[in-house]
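Worth saying up front: this structure is predicted, and the values here are computed from it rather than measured.
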Amino acid sequence: MQSLVASALAVRAHALQNGPTDAELFEYVFGGGNTLLALSFVINIALAGLTILGIVYLGRSLSDPRLKAIATALMLISVVSISSYTGLTSGLTLGVIEMPAGHPAAGATTAGESGVLVMWGRYLTWTFSTPFILIVLGMIAGSNWTKILTTCAFTIAMCVTGLAAALTTSSLVLRWWWFVLSSTFFLVIVYVILVDWTVEAERTGTSDLFRTLKLLTVVGWFGYPILWALGVEGFAILDVATTSWGYSILDIVTKYVVTFLAMFYVVDEPESITGGADYGASLPRVGSSDD
């Protein structure tokens, strides 16, 4: 995993050295007639901020430690999102990558440089936010932490290999191989959600809520690899702005909509997922006994 991150950072460093600066990319997005692209960033910053405030307001009366843990995980989804979208807005996590020979966008020019605009900061969003989504789903389903953390590991692998697919410039075949690897990890996560956690949610008694959340999450998550394939990173059928808005809409559904649905349930139906005083304790509570 560390080698994948190191490889991605090396490619990013190469892009920064030879491509436009952050200031030039900022000017390209916000001053170059790319209003649609700019709005896809700014609107998500606003929605993430409103979601954080909404969670704080709705969760102000929560006292059970399990409910607080779910609310905290829900908040961290938007904390990651607002930070990552700020990076995209500032140009910090944007880059211009020259596609390998045979790619439909090979030879394109962006901001006066050879290459296409790559929003690699989105992969940071997914890498750090999707584990919190899975933590929430797993806790609501009543799953054990071994399974929850396993899905988190797979989602990190999925996002990092997706980043490698987006940044690989040496070979078109390797770009698609990274994509296949990422999609394979994704299918493992989908299996756990649709099969294992569905059964556990029925046993826990949260199947009604979990059914809604899993459909929004799984259907929305399938949209990401489809957009990757259709967008400028894949077959380049969609332009950068359209691809960005596609990702932004999927983020709105799978993050903010899912967050509020889960949070309203936590507030309105706390008894179904309450953990009790011992939840999260490293040792069982020891009570006093009468002589």
Side-chain angles (χ1 to χ4, degrees), residues 50-81 126 128-156 158 185-223 250-287:
L50 290 173
T51 302
I52 293 171
L53 294 176
I55 294 172
V56 171
Y57 177 77
L58 292 172
R60 67 193 186 282
S61 61
L62 295 179
S63 58
D64 182 80
R66 181 181 171 89
L67 300 180
K68 287 183 177 179
I70 293 175
T72 300
L74 288 170
M75 181 183 293
L76 288 172
I77 296 169
S78 292
V79 167
V80 171
S81 293
W126 304 327
F128 293 107
S129 65
T130 51
F132 292 118
I133 297 173
L134 290 170
I135 288 171
V136 170
L137 291 177
M139 290 180 70
I140 289 175
S143 187
N144 62 72
W145 277 103
T146 299
K147 194 172 295 183
I148 292 173
L149 293 178
T150 299
T151 60
C152 290
F154 269 98
T155 196
I156 292 171
M158 173 188 72
F185 298 144
F186 167 62
L187 292 176
V188 173
I189 302 166
V190 169
Y191 176 85
V192 173
I193 295 174
L194 294 183
V195 179
D196 289 4
W197 286 356
T198 296
V199 173
E200 291 174 353
E202 291 174 354
R203 187 165 55 242
T204 304
T206 56
S207 57
D208 289 343
L209 170 65
F210 186 78
R211 186 182 304 111
T212 301
L213 296 181
K214 78 176 181 182
L215 289 176
L216 286 173
T217 300
V218 171
V219 172
W221 282 9
F222 265 105
L250 291 174
D251 278 354
I252 290 170
V253 174
T254 60
K255 291 181 175 64
Y256 315 132
V257 173
V258 165
T259 289
F260 275 112
L261 286 175
M263 195 64 196
F264 281 130
Y265 185 90
V266 164
V267 173
D268 294 338
E269 304 288 341
E271 65 280 354
S272 61
I273 49 179
T274 296
D278 288 333
Y279 184 81
S282 58
L283 293 173
R285 181 182 296 272
V286 178

With sequence neighbours excluded, give me every side chain to side chain donor-acceptor pair (under 3.5 Å) pair touching residues 256-268. Asn44-Tyr256, Tyr265-Ser272
Can you find a pair of side-chain heavy atoms, one from [X] and one from [Y], that are under 4.5 Å apart?
X	Y	value
Leu137	Phe132	no
Val253	Val258	no
Leu74	Ile133	no

Partner set under side-chain contact (heavy atoms from CB on, under 4.5 Å) for Thr72, not counting sequence neighbours: Leu76
Please give me the minimum heavy-atom distance between [X] and [Y], naming the atom from each residue.
X	Y	result
Leu250	Gly220	CD2-O, 3.5 Å
Ala73	Ile135	CB-CG2, 4.3 Å
Ala71	Met263	CB-CE, 3.7 Å
Gly142	Thr204	CA-OG1, 3.6 Å
Ile140	Arg66	N-NH2, 4.3 Å
Lys255	Ser81	CD-OG, 3.2 Å

State, without any angle test, whether Thr198 and Lys214 hold a side-chain donor-acceptor pair at a distance under 3.5 Å. yes
Side-chain polar contacts of residues 148-156 - donor-acceptor pairs under 3.5 angstrom, sequence neighbours left out - could you list them?
unit_1	atom_1	unit_2	atom_2	d
Thr150	OG1	Thr146	O	2.7
Thr151	OG1	Ile148	O	2.6
Thr155	OG1	Thr130	OG1	3.0

For Lys147, what residues pass the salt bridge (Lys or Arg N to Asp or Glu O under 4.0 Å) criterion, not counting sequence neighbours? Asp196, Glu200
Hits for ring-ring contact (aromatic ring centres under 6.0 Å, His included) against Phe222, two or more places apart or cross-chain, chain-then-number order -> Phe186
With sequence neighbours excluded, what pairs up with Trp197 under the ring-ring contact (aromatic ring centres under 6.0 Å, His included) test? none
Separation between [atom1] of [X] and [atom2] of [Y], rounded to the nearest 0.5 Å:
X	Y	atom1	atom2	value
Arg60	Ile55	CZ	CD1	14.0 Å
Met75	Leu53	CE	CG	8.5 Å
Met139	Asn144	CE	CG	12.5 Å
Trp126	Thr254	CH2	OG1	9.5 Å
Leu216	Arg211	CG	CZ	12.5 Å

Would you find more than 12 non-hydrogen atoms of other residues, nucleotides or ligands less than 6.0 Å from Phe260 atom CZ? yes
Among Ile189, Val199, Val218, which one satisfies side-chain contact (heavy atoms from CB on, under 4.5 Å) with Leu194? Val218
